[in-house]
Amino acid sequence: MSLNTQTDDVENVGEASDSDSERSPLLISPISGFANRGNSYLNQKLKRFQRSLSISSIRREDGRPIFESSGASQRVLGTFAGVFCPIALSMFSTLLFLRGGFVVGQAGLLETYSQLILAYFILIMTVLSICAISTNGAMEGGGAYYMISRALGPEFGGSIGFLFYVAQVLSCALYVVGFVEGVLENFGVGGSFTGNDHGLPNDTDWWKYLYSTVSLFICLIICLIGGAMFARTSAAILLIVVVCTLSVMISIFAKNYRLQIDIPFNNQYIYPNQSNLNQNNTITGNYTGLSATTFRENLFNNYTVDYSTDRQMNYATVFAILFSSVTGILNGANMSGELRDPSKAIPRGTLSAVCFTFCTYFILTTLIAGSCSRFLLINDYVFLQQVNLWKPFVVIGIFASTLSASLGNLIGGSRILQALGNDQLFWSLLKPATITTKSGNPLISVFITWFLSQIVLLVGKLNAIAPIVSVFFLLSYASVNLACLALELASAPNFRPTFNYFSWHTCTLGIIGCMIMCFMISPIYTSISLVLMLILAIILHFRTLPTTWASISQALIFHQVRKYLLILDPRKSHIKFWRPQLLLMVSNPRQSCELMDFCNDIKKSGLYVIGHVKVGKLDDYPTDPVMEETPKWLQLINHMKIKAFVELTLSSSVSEGFQQLVRLSGLGGMKVNTVCFGFYDDTMPTDSLLKTKIRKRKLFGSIDSSQQDFESYFKLPRSNGERHLTVNEYIGLIQDAFKLQKSVFLCRNFQLLNKENILKSNEKLFIDVWPVNFFRPDTASYFDNSCLFMLQLACILTMQSGWKKHTQLRVFLCVNSLSENTGIKEKKLSTFLRQLRIQAKIVIVSFEHLLSHLTADGDHYSAAAAPQSEGELDDVKMHEFAQVPQAYLEGVNSLLQANLNQSAVTFMYLPRPPSSGQNTYTAYLEQLSAISSWSHPTVFVHGLHPVTSTAL
């Protein structure tokens, strides 16, 4: 929040409208009260300051003012018209007049109560989650999809939003089929208002499809008019439905006598011979009026075959029919883009509608169970109109409730599709769905939803569509509860909804209830829906999403990582579970891409940090330059598809900055234990960033369009002899790493590493390991921590994907064939490698011809490097460096090059730099360069700590 308190700026702020003043949470009473006192000039200044706060200063994440009024003209609906009416009408739909008696007849009153309680328990738990999410910020169009996507992130939000849209389409078709069923039951051939010889033809399913098409087209016309027209229509229709419902209840009390009600002729189980139907062989069911006997008979279940679908009913199928009729609790949220104040309207309207419909169903089912025989309830869907004092009341109620519910789902579904298109989650496939009229009505979305609903109408049977509708809605409700649960568990400070009547318990109960009933209703539909949702989530994950939403996964990951980092105790670390925790020091990433990728392969799921030191002082900059550079480095990491953290620091020297990075990189038990440097030589670096192939993701990948940005940000590799470090400073960094108790490896010639050729090779290449300090050749028979560290790193490399298939570990055993038993040494090494579970090819190399150079007289002779007797070996520190003659170095180099055939990478022993003074650093580096003077990737390794274990 930017608060501009300068006098000149405050003077320029325009007058705030009354609506802005009322909605601004910053116009608090202490300021207003103080403004009304005493000094008029001060009062004017305070009022202008208040206006600046309420209008210009508070902005959204995308930079738009929170209280901008550009879309205010489209937000015209209040709580009653925008939320209560659509929800109540959708929850009445087919159950109120068409399937209420059927449910009681099949399940009995007691199980009907249990189904109502279970259904409304799930609904109420979901409503609590809806209220919590909707009151945690400003809601826009898209309703439930908007809530879920902004809470769970684009991957799950997009997939769940798509499923919820499908549920809206199916539900729209369901209610249209219910409407047509009511029409044909009354005005079809053999209907209540027609005789057996005349009426609307309904002898084939295509007639029903035609009527459904016409009905759906009427809904389309109403939806094209817009949300305000729909709201006005729904309010009037709800009044009609309430009047018709009251007429039913009054009629049951008024007609307290027995009636014989004709069973419809379209019931083929009662009238199996449809060709010889007439009024003389009509079968009737009993309406007894309110009777204790009838009430007792209808208490328990009696599941039979449904005459419209020929399916045997049970608890789950009847519950699916009931639940599919009360799935409208999100219809109010779907209108969020047209509500004046969604954060208030959605909780109030939704809770009121749920309580109202539950009370209505509870009373109506009780009256039906106490007045109608089970035979009548099971075999006549529209018996209520025969009971009513005036038959057309029930007919009007059926038409009004089903048609309005269909309207609600059609317009709600179109809003969800529009929101999906606006978010661009599915590429440009849904771009046409974003086209709207001047008033904001999503014209193309309405047509698409209408067309898909038209296809679903081919199913034709209400009871056949109901199970899949229930499954999709239950999954949608489970997703809403999951979104709220995730927000609650993430403990994010910004999740503080004004609606407080929820907890993680209610969210969990809602999820459990939804999932249990999903699998009870239809395991097949549920499994297919979950698989479809997972596939969509994977597709959205593997593409570059054009969104900047906050993802709940990041908040949950942060919460869990923090918790487990506290549990991860470095004092309990064990050698058996050691893994490399790398810090790679990079001066210019444009010349280090191959090395960065190599370290990514060798980290073995360990910590991998790319470090960079920017030399300078913070006093020389207006802001921290590290904060400005870090996003570019992260962009590079994403481009290279490596799993690494980036740590940059600003320091007066590279040495000081390096010490900061080593000490501070990582957190808790995840701290750096190994440092990697590039090699210091005279080789001119190349621009490896341009050579690096853009590695697309295999599934739905895309090239990062901003590649040129970070390419231009990083400087080109040096083209002259200028260096950022001297030899002494470079060796000093290595010494500092050892002082900080970190293992070190130096990588040379990695600009020549062509990983793509290695992974495409038809024959196996070798990862070579030379576990001998050539500067102390008399220690060739001994293994220290550096030798084991070399073997461990090389073994890790051969275990990585790609490398494992195309490379093999090769260990060279250097022996003096004149004085040593080659067979025994090879057997000992083979046994040792087997104990370490390292599979490697052992190659015996005789190097006695090189030892003669160590005893020759010359300027570069060092007595410390000469062979020593067996008794003196205990005094030799085999990890130290000893200067050797040039002829010896040339001989070792020739020996190494002679064994480079089919080698991909070579690991060699790195002795510790001399500690006698900085004047010997140059000789140390020169001899390392001489021993590895070839065009081949080489890794010099020095380990300080044990990294392998032979124990079980």
Side-chain angles (χ1 to χ4, degrees), residues 1 59-63 66 125-126 128-140 142-161 164 333 336 343 419 423 425 475-512 514 533-534 536-538 540-568 607 627 630-631 634-635 637-638 643-647 666-670:
M1 183 186 298
R59 296 183 176 272
R60 303 179 193 270
E61 294 178 358
D62 57 5
I66 288 180
M125 295 299 103
T126 306
L128 296 180
S129 297
I130 293 172
C131 295
I133 298 175
S134 63
T135 59
N136 190 51
M139 278 195 64
E140 298 181 7
Y145 160 72
Y146 184 85
M147 292 189 295
I148 295 172
S149 61
R150 269 50 178 186
L152 296 182
E155 294 91 347
F156 286 100
S159 59
I160 294 170
F164 186 54
S336 60
S343 296
D423 290 337
L425 297 183
L475 288 176
S476 299
Y477 296 163
S479 302
V480 173
N481 286 302
L482 177 63
C484 188
L485 177 64
L487 289 169
E488 178 72 5
L489 293 181
S491 302
N494 284 322
F495 182 62
R496 43 180 185 272
T498 56
F499 183 87
N500 297 317
Y501 301 101
F502 78 100
S503 69
W504 69 269
H505 303 87
T506 60
C507 302
T508 304
L509 289 174
I511 295 172
I512 294 174
C514 289
M533 183 176 67
L534 183 61
L536 288 175
I538 293 173
L540 293 176
H541 177 73
F542 278 99
R543 70 171 295 252
T544 303
L545 295 170
T547 60
T548 56
W549 308 340
S551 177
I552 190 62
S553 61
Q554 294 297 309
L556 290 175
I557 290 171
F558 176 86
H559 186 270
Q560 293 301 108
V561 167
R562 182 194 65 83
K563 182 174 71 174
Y564 286 115
L565 277 175
L566 291 173
I567 299 175
L568 186 61
L607 178 66
M627 295 180 63
T630 300
L634 293 175
Q635 200 173 354
I637 296 301
N638 293 335
K643 299 177 181 179
F645 298 96
V646 173
E647 289 290 349
L667 193 65
M670 294 184 65

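Residue indices begin at 1 and follow the sequence shown.
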Heavy-atom nearest pair, Val480 first then Ile130, reads CG1-CG1, 3.7 Å

Separation between CG (Leu487) and CD1 (Ile133), nearest 0.5 Å, reads 6.0 Å

Spell out, as yes or no, whether a donor-acceptor pair under 3.5 Å connects the side chain of Ser149 to the backbone of Pro154.
-> no

Could you tell me whether the side chain of Ile567 reaches within less than 4.5 Å of the side chain of Tyr564, counting heavy atoms only?
-> yes

Taken to the nearest 0.5 Å, the spacing of Thr498 OG1 from Asn136 CG works out to 8.5 Å

Backbone N/O of Cys131 and side chain of Thr135: donor-acceptor pair under 3.5 Å | yes

For Asn481 and Met125 the tightest heavy-atom approach is OD1-O, 3.2 Å

Those residues at least two apart in sequence (or on a different chain) that pass side-chain hydrogen bond (donor to acceptor under 3.5 Å, both in side chains) with His505 are Ser503

From Thr630 atom OG1 to Ile637 atom CD1, the distance as rounded to the nearest 0.5 Å = 11.5 Å

When rounded to the nearest 0.5 angstrom, what is the spacing between CG in Asp423 and CG in Leu540?
-> 11.0 Å

Rounded to the nearest 0.5 Å, what separation is found between the OG1 atom of Thr508 and the CG atom of Leu485?
-> 4.5 Å

Point-to-point distance, once rounded to the nearest 0.5 Å, from CD1 of Ile160 to CG of Leu482 | 6.5 Å

Aromatic ring pairing Phe502/Phe499, orientation class (parallel under 30°, perpendicular over 60°, tilted between) | parallel

Is the shortest heavy-atom distance from the side chain of Cys507 to the side chain of Cys484 under 4.5 Å?
-> yes

Would you indicate whether Phe495, at its atom CZ, is surrounded by more than 12 heavy atoms from other residues, nucleotides or ligands within a distance under 6.0 Å?
-> yes

